[in-house]
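From a predicted model like this one, the values you see are computed outputs, not experimental measurements. Below, all heavy atoms of this structure are taken into account, side chains as well, without hydrogens, waters or symmetry copies.
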Amino acid sequence: MILLALGVLATSLMHLVAAVPSLKSRVKAGVGERAYGPLFGLASLVGIAIIVAGWKLSDFVAVYEPPAWGRHANFGFMLAAFLCFGIFLFRGRLRQLLRFPMGFAVIFWATGHLLANGDLASLILFGGFLLYAVAHIVIGIANGVRPSPEVRGGHDLVSLVMGVALYGVMVQLHGALIGVPVFDVSQWAGG
């Protein structure tokens, strides 16, 4: 569990740099404007790899009993998360309105999963990222962070359609990618 916690902490701290423009510009100046994007992407991939390894190595330790309705509520939270993610990807008016669509996506994702899971690894992963997302939004607001002022026509509709499409893809691939199927077909087949 320590590896999982370190991965969540390192990834969160690295992404909080974007919430503080003066810190982000210092890091960019230190590594170079052109190298910043690729290095940030590589560091993000390393963080995700550490999280995945930490998750796989974690034993199941029950912490709390999630509510019976938590798994079903997670479907709604995940739809909201993917809609926010779609809004983040495109430059519509909705992105300006939400201001931190990716932060809200992480909040919905984490909250839904905390309602559906009650083990220690889930608490570390989803609880850690929930704290990160709230901190990112609060720090971003305090530092005046705003999305790019560029608004493109039609992007609001495209962002919502993309969010729904990505939600559908994740529902189908969750079992293959994460190892936990969203739907247990055996329940429907009487098995």
Side-chain angles (χ1 to χ4, degrees), residues 1-58 77-78 80-114 120-152 155-156 158-159 162-163 166-167 169-170 177-178:
M1 301 265 185
I2 293 173
L3 186 63
L4 176 62
L6 288 174
V8 170
L9 180 63
T11 302
S12 297
L13 290 174
M14 182 183 64
H15 281 83
L16 282 175
V17 169
V20 183
S22 60
L23 182 58
K24 183 178 178 180
S25 62
R26 276 187 284 175
V27 171
K28 274 187 172 182
V31 299
E33 188 79 28
R34 291 184 62 150
Y36 176 79
L39 286 174
F40 188 84
L42 180 62
S44 295
L45 289 174
V46 169
I48 290 169
I50 292 170
I51 290 168
V52 169
W55 178 268
K56 289 184 181 276
L57 293 171
S58 296
F77 277 100
M78 288 308 301
F82 275 103
L83 289 173
C84 288
F85 182 61
I87 291 167
F88 169 77
L89 294 174
F90 294 91
R91 298 193 183 277
R93 280 189 287 281
L94 289 172
R95 191 173 194 213
Q96 296 295 318
L97 179 67
L98 286 182
R99 194 167 164 185
F100 299 97
M102 189 59 150
F104 288 116
V106 172
I107 289 171
F108 287 128
W109 167 77
T111 302
H113 282 81
L114 286 170
L120 183 57
S122 293
L123 191 59
I124 291 169
L125 176 64
F126 303 116
F129 276 117
L130 177 61
L131 292 174
Y132 148 73
V134 170
H136 184 99
I137 291 170
V138 168
I139 293 168
I141 289 171
N143 283 283
V145 173
R146 299 205 60 84
S148 166
E150 180 184 355
V151 174
R152 296 181 183 164
H155 275 224
D156 287 335
V158 172
S159 68
M162 180 62 76
L166 290 171
Y167 175 74
V169 168
M170 182 50 88
L177 295 174
I178 310 300

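Considering every non-hydrogen atom in both Gly54 and Leu3, the closest pair reads N-CD2, 3.8 Å. Considering all non-hydrogen atoms of both residues, Phe129 and Val106 come closest at O-CG1, 3.5 Å. When all heavy atoms are compared, the tightest approach of Pro101 to Ile87 is CB-CG2, 3.9 Å. Of all the heavy atoms in Arg99 and Gly140, the pair that sits closest is NH2-O, 4.1 Å. Listed here is the closest heavy atom pair of Tyr36 and Val31: CA-CG2, 3.9 Å.
In this structure, Phe88 and Phe85 have parallel ring planes: the angle between them is below the 30° cut-off, well short of the 60° mark. Relative orientation of the Trp55 and Phe126 rings is perpendicular, given thresholds of 30° and 60° on the angle between their planes.
In this structure, CG in Leu125 is found 9.5 Å from OG in Ser58, a value given to the nearest 0.5 Å. With rounding to the nearest 0.5 angstrom, the CE atom of Met1 is 4.0 Å from the CG atom of Leu120. Here the CG atom belonging to Leu9 is positioned 13.0 Å from the OH atom belonging to Tyr132, to the nearest 0.5 angstrom. Between the NE2 atom of His136 and the CD1 atom of Ile141 there is a distance of 10.0 Å, given to the nearest 0.5 Å. Leu45 contributes atom CG, which lies 11.0 Å from atom CD1 of Ile50 (distance to the nearest 0.5 angstrom). For the atom pair Ser22 OG and Asn143 CG, the distance stands at 6.5 Å (nearest 0.5 Å).
Judged purely by atom type and a 3.5 angstrom limit, His15 uses its side chain to pair as donor or acceptor with the backbone of Thr11. Side-chain atoms of Glu150 never come within 3.5 Å of backbone atoms of Gly92 as a donor-acceptor pair (strictly under, hydrogens ignored). With Arg95 contributing its side chain and Val151 its backbone, the two residues share no donor-acceptor pair below 3.5 Å. Between the side chain of Thr111 and the main chain of Phe108, no donor-acceptor pair closer than 3.5 Å is present. Remark: side-chain polar atoms of Asp156 are paired, donor with acceptor, to backbone N or O of Leu94 under 3.5 angstrom.
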Exercise for the section: Might you work through the side chain to side chain contact (heavy atoms under 4.5 Å, CB included) test for Ile107 and Leu130, ending with a clear yes or no? Expected result: CA-CA 5 Å; Ile107 289 171; Leu130 177 61; 3.9 Å; yes
Practice task
Quick one: do Leu166 and Met170 satisfy side chain to side chain contact (heavy atoms under 4.5 Å, CB included)? Show the steps, please.
Solution key: CA-CA 6 Å; Leu166 290 171; Met170 182 50 88; over 6 Å; no
Exercise for the section: Please assess Tyr167 against Leu83 for the test side chain to side chain contact (heavy atoms under 4.5 Å, CB included), listing each intermediate value before the final yes or no. Expected result: CA-CA 8 Å; Tyr167 175 74; Leu83 289 173; over 6 Å; no
Practice task
Evaluate the side chain to side chain contact (heavy atoms under 4.5 Å, CB included) criterion for residues Phe40 and Met14: first the C-alpha distance (whole Å), next the side-chain angles of each, then the deciding distance (0.1 Å), finally the verdict.
Solution key: CA-CA 8 Å; Phe40 188 84; Met14 182 183 64; 3.8 Å; yes
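Counting heavy atoms of neighbouring residues, nucleotides and ligands inside a 6.0 Å radius, atom CZ of Arg93 does not exceed 12 of them. Taking a 6.0 Å sphere around CD1 of Ile2, one finds it holds 12 or fewer heavy atoms contributed by other residues, nucleotides or ligands.
Using a 4.5 Å heavy-atom cutoff, the side chains of Cys84 and Met102 are not in contact. Two residues are said to be in side-chain contact when any heavy atoms from C-beta on lie closer than 4.5 Å; Ser159 and Leu89 fail this criterion.
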